Number of protein chains: 2
Amino acid sequence: MTYSIGEFSKIVGLSEHTLRFYEKEGLIKVNRNDNNVRIYSDENKLWIESLLHLKNTGMSLKDMKQFAMWGHIGDETMEERLALLKNHRKKVVEEFEKLRQSLEHLDNKIYFYENELGDCFSKK
Amino acid sequence: MTYSIGEFSKIVGLSEHTLRFYEKEGLIKVNRNDNNVRIYSDENKLWIESLLHLKNTGMSLKDMKQFAMWGHIGDETMEERLALLKNHRKKVVEEFEKLRQSLEHLDNKIYFYENELGDCFSKK
DNA sequence: CCTTGACTTAGAGTATACTCTAAGTATTAC
DNA sequence: GTAATACTTAGAGTATACTCTAAGTCAAGG
């Protein structure tokens, strides 16, 4: 399957502006037809979804750019990409643990407030 | 125990600039001595730590401001604060799950790269 | 007495990641 | 043939959360 920028925008949940911006930044390579119109493929879709996962873990555009650039070069950059991912993973695991702790703190706070207010006020 | 802004800055890991900024924004109320110098207390420390937990879970300054403002008003705003926390908790749980999934994705990616590169290249 | 550390207001600067506008052209679908 | 959708460059605008500078004052400690 192939998609126009408008269709692709809806599918991946990024605005056309953002898609062009990502392309300009080198995060994604997109084929064009004879009229210079962007033709997105399912491969592009997988790549964007992968990028969004990296973004979800807090990777900066700069690092995603580097990762994409290496990806476009080819197999000889696999080690670099692996190193980047492993390095990033460390930070994510730390962040994950911090978030877990802060969520626990939040739960304790909520528990405290509910006790203070008494059962009659506590909602589902 | 009480602390000057310099000491407190080191203890809580926020710059003096940021501490004054947070105060100006209404996130924290600080006592002053006769010379108008900020005197931070252990209570302030607990409060800041609480705020930083909320910040860790991605709460915006705007929401923290609202929460702090209600806190300063007193007990009659407990329900509002509880509602804000519960509402925020929902978002955090979603975010947490998203992060978990993205971390899983990252692990799969790393696993894939390590297989591609072969055992001789995989580092601890 | 002078260095250190505190205070003030007001506003400028930084970084990230978009987000949009302008102004003009081109192609496709009805 | 006109509306919708696409394209371009170049740059301006937005939001968040700091982060710092200027320019001046003030008070305590060695």
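Nothing here was measured: the structure is a model prediction, and the numbers come from that model.
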Trainee: Taking only heavy atoms on the protein side, list every residue of residues 57-70 of chain A lying under 4.0 Å from any atom of DNA chain D, sorted numerically.
Mentor: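 Within this stretch, nothing sits under 4.0 Å of the strand.
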Trainee: Using whole Å, report how far CD of A:E25 lies from P of C:dA15.
Mentor: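 Result: 16 Å.
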Trainee: Examine D:dT8: is either OP1 or OP2 under 4.0 Å from a nitrogen or oxygen in the side chain of A:R32? Give yes or no.
Mentor: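 For A:R32, the contact criterion (side-chain N or O under 4.0 Å from OP1 or OP2 of D:dT8) is met.
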Trainee: With A:T57, which residues qualify under side-chain hydrogen bond (donor to acceptor under 3.5 Å, both in side chains), at least two apart?
Mentor: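 Scan of A:T57 (side-chain hydrogen bond (donor to acceptor under 3.5 Å, both in side chains), adjacent residues dropped) gives A:H88.
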Trainee: Select from A:N35 and A:L14 the residue whose nearest nucleotide in DNA chain C is closer to the 5' end of that strand.
Mentor: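 The answer here is A:L14.
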Trainee: Can you measure A:F21 atom CZ to D:dT14 atom P for me and round it to whole angstrom units?
Mentor: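 Going from A:F21 (CZ) to D:dT14 (P), I get 17 Å.
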Trainee: Check this for me: does any side-chain nitrogen of one of A:E49 and A:K45 sit under 4.0 Å from a carboxylate oxygen of the other?
Mentor: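 Result for this pair is yes, salt bridge flagged.
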Trainee: Rounded to whole Å, how long is the line connecting atom CD of B:E16 with atom P of C:dT4?
Mentor: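 In whole Å, C:dT4 P and B:E16 CD are 15 Å from each other.
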Trainee: Quick test of your reading of the model: are A:K91 and A:E95 salt-bridged, counting only N-O distances below 4.0 Å?
Mentor: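 Judged by the 4.0 Å cut-off on N to carboxylate O distance, A:K91 and A:E95 do not form a salt bridge.
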Trainee: Looking at C:dA17, I'd like to know if its phosphate oxygens (OP1 or OP2) sit under 4.0 Å from a side-chain N or O belonging to A:Y22.
Mentor: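 Looking at the OP1 and OP2 atoms of C:dA17, neither is under 4.0 Å from any side-chain N or O of A:Y22.
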Trainee: Measure the distance from CZ on A:R20 to C1' on C:dA17 and round it to the nearest whole Å.
Mentor: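 Value for this atom pair: 18 Å.
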Trainee: Judged by atom type as modelled, is there a donor-acceptor pair below 3.5 Å linking the side chain of B:N56 to the main-chain atoms of A:S102?
Mentor: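 Side chain of B:N56 to backbone of A:S102: no pair is present.
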Trainee: Charged N to carboxylate O under 4.0 angstrom, A:E16 versus A:R38?
Mentor: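 The answer is no: the pair does not qualify as a salt bridge.
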Trainee: Separation of B:E23 atom CD from D:dA17 atom P, in whole Å?
Mentor: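 My rounded result for the distance is 19 Å.
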Trainee: Considering only NZ, NE, NH1 and NH2 on the basic side and carboxylate oxygens on the acidic side, decide whether A:E23 and A:R20 come within less than 4.0 Å.
Mentor: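 The answer is no: the pair does not qualify as a salt bridge.
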